[in-house]
2 protein chains.
Amino acid sequence: MAAQRSRRRIPEATVARLPVYLRILGEQFEIGVANISSEELAELAGVNAAKVRKDLSYLGSYGTRGVGYDVEFLVYQIRRELGLTHDWPVVIVGAGNLGQALAGYNGFGDRGFPVGGIVDIDDSKVGSVVGGVRVRHLDEIKQVVQARNISIGVIATPGAAAQDAADSLVAAGVTSILNFTPTVINVPHGISVGKVDLAVELQILAYHEQRRANAAQGSVMQSLSGLLIPGESRRGASA
Amino acid sequence: MAAQRSRRRIPEATVARLPVYLRILGEQFEIGVANISSEELAELAGVNAAKVRKDLSYLGSYGTRGVGYDVEFLVYQIRRELGLTHDWPVVIVGAGNLGQALAGYNGFGDRGFPVGGIVDIDDSKVGSVVGGVRVRHLDEIKQVVQARNISIGVIATPGAAAQDAADSLVAAGVTSILNFTPTVINVPHGISVGKVDLAVELQILAYHEQRRANAAQGSVMQSLSGLLIPGESRRGASA
DNA sequence: AAACGTTTGTGCACGTTTTCACAAAGCCAG
DNA sequence: CTGGCTTTGTGAAAACGTGCACAAACGTTT
Ligand SMILES: NC(=O)c1ccc[n+]([C@@H]2O[C@H](COP(=O)([O-])OP(=O)(O)OC[C@H]3O[C@@H](n4cnc5c(N)ncnc54)[C@H](O)[C@@H]3O)[C@@H](O)[C@H]2O)c1
Ligand SMILES: NC(=O)c1ccc[n+]([C@@H]2O[C@H](COP(=O)([O-])OP(=O)(O)OC[C@H]3O[C@@H](n4cnc5c(N)ncnc54)[C@H](O)[C@@H]3O)[C@@H](O)[C@H]2O)c1
C-alpha cells in the first residue's frame with residue numbers, strides 16, 4: 001500500500017530551470033537529437049553541468065551512465081513533473097494594450113496555456129473579441145473561471161487596480177496569479193503569485209551598467225596611479 | 001587621496017529588491033509620507049522587515065533609530081545606487097507585436113528608459129513610426145546606438161533570431177541586454193543579460209498548481225485512512 | 001538629565017543553492 | 001569477459017541568502 005508516488009519536493013531554483021531545459025530538449029528533439037549529455041544540455045542552457053545533473057536527479061534516475069539522457073523520455077518526465085501533461089487555461093484581467101497583446105499571442109496557447117477568458121471593467125471593452133476570445137465584464141469572472149475550471153489568472157490592469165483584480169481572481173476561485181503590474185499584491189495563504197516587472201529588469205541592468213562605468217573610471221584612476229596591470233582591464237563579470 | 005567612493009558590492013538578491021522599494025517609496029512620497037519604518041516598508045513590499053533593513057544597510061547608514069527612514073532621502077540614495085540619476089535610452093530589436101507594444105508603452109520612458117531607437121530586419125517595417133520613434137533597418141543599429149550613446153538593448157525578435165540580434169547589439173556596442181524571447185543567448189564576458197520569459201513563469205505556476213492538486217488528493221487519501229486532522233486541510237504554502 | 005519606548009544596524013545561526021570531486025555504472029573493443 | 005573510456009548520480013564543502021534577536025542610538029516625556 002505504500003504510495004511510492006512522487007512527493008519529492010523539488011527546490012524552487014530547480015523548478016525555475018526545468019522549463020528552460022524543457023524548451024531546449026524540445027528543440028533538440030525536433031532536429032533529430034535522440035540523446036544528450038548533461039554537458040551538452042548545460043552548454044545550451046548556459047549553466048553548469050553538475051547543476052543540470054542535480055536538477056534532473058530530482059525527477060528520478062533517468063540517465064544512462066556513459067551515454068547521457070534520452071531526449072524524448074526526458075521531455076516527457078519534465079512535462080510530467082511540471083504538470084504540463086494537460087492544458088492550463090488562463091483568465092486575463094484587463095483587456096488593454098498588454099492584455100490584448102497577450103491574448104493575441106500564440107506562443108501562449110502553444111505552450112499549453114490557452115486563453116480561457118478575458119475580463120475588463122470598462123464597458124466599452126466588453127463584447128469586443130481579442131485573440132478569438134470575447135471580452136466579458138469583470139462581474140462575470142466567476143462564471144468564466146468556473147465554466148472552464150480555470151486555476152491561473154493573469155493581471156494586466158493598471159497598477160492601481162492590481163489588488164482589486166487579485167481579489168476578484170481569488171474570489172472567483174483562481175489559485176495562481178501572474179502579475180504584470182508593478183504593484184505588489186497581497187493574497188491569502190496558499191495562493192501562488194508570479195511577477196513580471198519590466199522596470200525592475202531594466203533597473204537591474206542599469207545597476208550593472210553603472211558599476212561597469214564606475215569600475216572603468218576606477219581603473220583609469222588606478223591606471224593613472226600606475227596600479228593597473230596592462231591587459232587586465234577590469235570588466236564586471238555579470239553575464 | 002584614498003577614494004572612499006562606494007565600491008561596496010551589493011548582493012544580487014538585494015539589487016533585485018531595491019527597485020521594488022524604490023517604487024513604493026516614490027508612491028509614499030507622492031501621498032505625503034515623509035518618513036517610513038522598515039516595518040512599514042516591509043509590509044508594503046511583502047517582505048521581512050529585517051531583510052529590508054539589511055538591504056538598505058548596503059546603501060549606507062541612512063536611517064534614524066527610533067524614527068525610521070526619510071522617504072525622500074532614501075529615494076535619492078536608491079536611485080543613486082541603481083544608477084538612475086540619469087536616463088538610460090534603450091534600443092529595441094524587432095518591431096513586431098511585442099516591440100511595438102513596448103515602444104508605445106509609456107511606463108518605459110517614465111521610469112528613465114526612453115526608447116532611443118527601434119530596428120527591424122524587415123523592410124516593410126522600416127520607416128514606420130511606433131511610439132514616436134521611426135523604425136530603422138538592422139544594418140543601421142550601430143549608428144542608432146552610437147548617436148544616442150545607448151548601452152541597453154531589448155530583444156523582441158522571434159526566438160530563432162535572438163542570437164543574431166544579440167550579436168548585432170554587442171557589435172554595435174551595447175553592454176546590457178534584456179531578452180524577451182524564450183531562446184537562451186550567448187554573449188561575451190562582461191555583457192549583462194536579463195531575461196523575461198512568460199512561458200517559464202506560467203510553467204512554474206503550473207508546477208505549484210499540480211503540487212496542490214496532488215497534495216489535495218494525498219489529503220483525501222489520508223482522510224480516507226483516518227489520518228487527516230479536520231481543519232488542517234493541506235494547502236501548499238507558496239505565496 | 002534620567003528613564004522610557006521605538007527602531008535601526010548587524011552578529012549569528014540556519015536554510016538553500018551551487019560547485020567540486022569521485023565512485024558506480026554503463027558501453028564498446030578486442 | 002576484461003579493460004578502458006565515458007558519463008551519471010550524489011555526498012560533502014563552499015557560497016549565498018534569510019530571519020532572529022539584541023545592543024546601540026535616537027526622540028520624547030517627566
Ligand atoms: N503595455 C505594455 O507594453 C506593458 C509592458 C509591461 C507592463 N505593463 C503593465 O501592464 C499593465 C497594463 O498595461 P496596459 O498598457 O495594457 O494598460 P491599459 O490602460 O491599456 O489597459 C488596462 C486595462 O485594464 C482595465 N481595467 C482597469 N481596472 C480594472 C479592474 N479593476 N478590473 C479589470 N480590468 C480593469 C482597463 O479598462 C483597461 O482596459 C500596467 O500595469 C502596465 O504597467 C504594460
Ligand atoms: N507578443 C507577445 O505578447 C509576446 C509575449 C511574450 C513574449 N513574446 C516573445 O517576443 C518575441 C517577439 O514576439 P512578437 O509577437 O513581437 O513577434 P513578431 O513576429 O510580431 O515580431 C518579430 C519582429 O522581429 C523582426 N525580426 C526578425 N528577425 C530579426 C532580426 N534578425 N533582427 C531584427 N529584427 C528581426 C521581424 O521582422 C518582426 O517584425 C518572440 O520571441 C515571442 O516569443 C511575445
Side-chain angles (χ1 to χ4, degrees), chain A residues 6 8-21 25 28 33-74 77-78 81 200 204 207-208 236-239, chain B residues 8-21 25 28 33-74 77-78 81 200 204 207-208 211 236-239:
Chain A
S6 43
R8 283 167 290 260
R9 217 190 132 271
I10 298 185
E12 205 55 38
T14 295
V15 172
R17 280 187 298 267
L18 288 176
V20 177
Y21 302 153
L25 290 167
Q28 293 297 304
V33 176
N35 196 85
I36 196 167
S37 71
S38 60
E39 198 76 48
E40 295 168 308
L41 181 50
E43 167 70 23
L44 292 170
V47 302
N48 182 297
K51 199 186 286 186
V52 168
R53 289 200 295 277
K54 185 143 285 186
D55 285 342
L56 295 181
S57 78
Y58 292 113
L59 310 182
S61 226
Y62 297 137
T64 308
R65 292 166 189 228
V67 177
Y69 301 86
D70 183 277
V71 174
E72 191 174 9
F73 187 64
L74 204 49
Q77 288 299 336
I78 296 179
E81 193 66 43
V200 169
I204 292 172
Y207 169 75
H208 290 300
S238 29
Chain B
R8 283 167 291 260
R9 216 189 133 274
I10 298 185
E12 206 55 38
T14 295
V15 172
R17 281 187 297 267
L18 287 177
V20 178
Y21 302 154
L25 290 168
Q28 293 298 305
V33 176
N35 195 88
I36 197 167
S37 70
S38 60
E39 199 76 49
E40 294 167 309
L41 180 49
E43 167 69 24
L44 293 170
V47 300
N48 181 295
K51 199 186 284 188
V52 168
R53 289 199 296 275
K54 189 150 285 188
D55 285 341
L56 295 180
S57 76
Y58 291 113
L59 310 181
S61 228
Y62 297 137
T64 306
R65 292 167 190 228
V67 178
Y69 301 86
D70 183 278
V71 174
E72 190 172 13
F73 187 65
L74 205 48
Q77 289 299 335
I78 296 179
E81 194 66 42
V200 168
I204 292 172
Y207 170 76
H208 290 300
R211 287 212 100 232
S238 30

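Since the model is a prediction, treat every value here as computed from it, not as a measurement. Naming convention: chains lettered A, B, ... in sequence-line order (proteins, then strands); numbering from 1 in each chain.
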What nucleotide, of [options], holds the atom closest to the side chain of [X]?
{"X": "A:Glu12", "options": "C:dA21, C:dT17, C:dG9", "result": "C:dT17"}
{"X": "B:Lys51", "options": "D:dG19, D:dG9, D:dT7", "result": "D:dG19"}
{"X": "B:Ser38", "options": "C:dC27, C:dT8, D:dT8", "result": "C:dT8"}
{"X": "A:Ala50", "options": "D:dG9, C:dA21, C:dC27", "result": "C:dA21"}

Taking [atom1] from [X] and [atom2] from [N], how many angstroms apart are they, rounded to a whole number?
{"X": "B:Asp55", "N": "D:dC16", "atom1": "CG", "atom2": "C1'", "value": "14 Å"}
{"X": "A:Arg53", "N": "C:dA23", "atom1": "CZ", "atom2": "P", "value": "15 Å"}
{"X": "A:Tyr62", "N": "D:dT10", "atom1": "OH", "atom2": "P", "value": "12 Å"}
{"X": "B:Ile36", "N": "C:dT6", "atom1": "CD1", "atom2": "P", "value": "18 Å"}
{"X": "B:Glu39", "N": "C:dG9", "atom1": "CD", "atom2": "C1'", "value": "15 Å"}
{"X": "A:Leu56", "N": "D:dT7", "atom1": "CG", "atom2": "P", "value": "15 Å"}
{"X": "B:Leu59", "N": "C:dT10", "atom1": "CG", "atom2": "P", "value": "12 Å"}
{"X": "B:Asn35", "N": "D:dT28", "atom1": "CG", "atom2": "P", "value": "11 Å"}

Side-chain N or O of B:Tyr69 less than 4.0 angstrom from OP1 or OP2 on D:dC26?
no
Verify the contact: side-chain N or O of B:Ser61 to OP1 or OP2 of C:dG9, cut-off strictly under 4.0 Å; return yes or no.
yes
Atom CD of residue position A:Glu39 - does it have more than 12 heavy atoms of other residues, nucleotides or ligands inside 6.0 Å?
no
Residue B:Glu40 excluded, over 12 heavy atoms near CD under 6.0 Å
yes
Minimal non-hydrogen separation, A:Val200 against B:Pro19, with atom names
CG2-CB, 3.9 Å
Heavy-atom pair of closest approach, residues A:Asp70 and A:Asn35:
N-OD1, 3.9 Å
Heavy atoms under 4.0 Å, any strand shown: does A:Ala13 hit a base, just sugar-phosphate, or nothing?
sugar-phosphate
Within the structure shown, what part of the strands sits under 4.0 Å from B:Tyr58 by heavy-atom distance: base, sugar-phosphate, or nothing?
nothing
A:Pro11 vs A:Val67, nearer the 5' end of DNA chain C by closest nucleotide:
A:Pro11
Residue closer to the 5' end of DNA chain C, A:Thr64 versus A:Arg17 (nearest nucleotide):
A:Arg17
Let's test your reading of the model: under 3.5 Å, does the base of D:dG19 pair with the side chain of B:Lys54 as donor and acceptor?
yes
N/O donor-acceptor pair, side chain A:Arg65 with base D:dT7, under 3.5 angstrom
no
From the options A:Leu41, A:Asp55, A:Val52, A:Val20, select the one residue that forms a side-chain contact (heavy atoms from CB on, under 4.5 Å) with A:Val47.
A:Val52
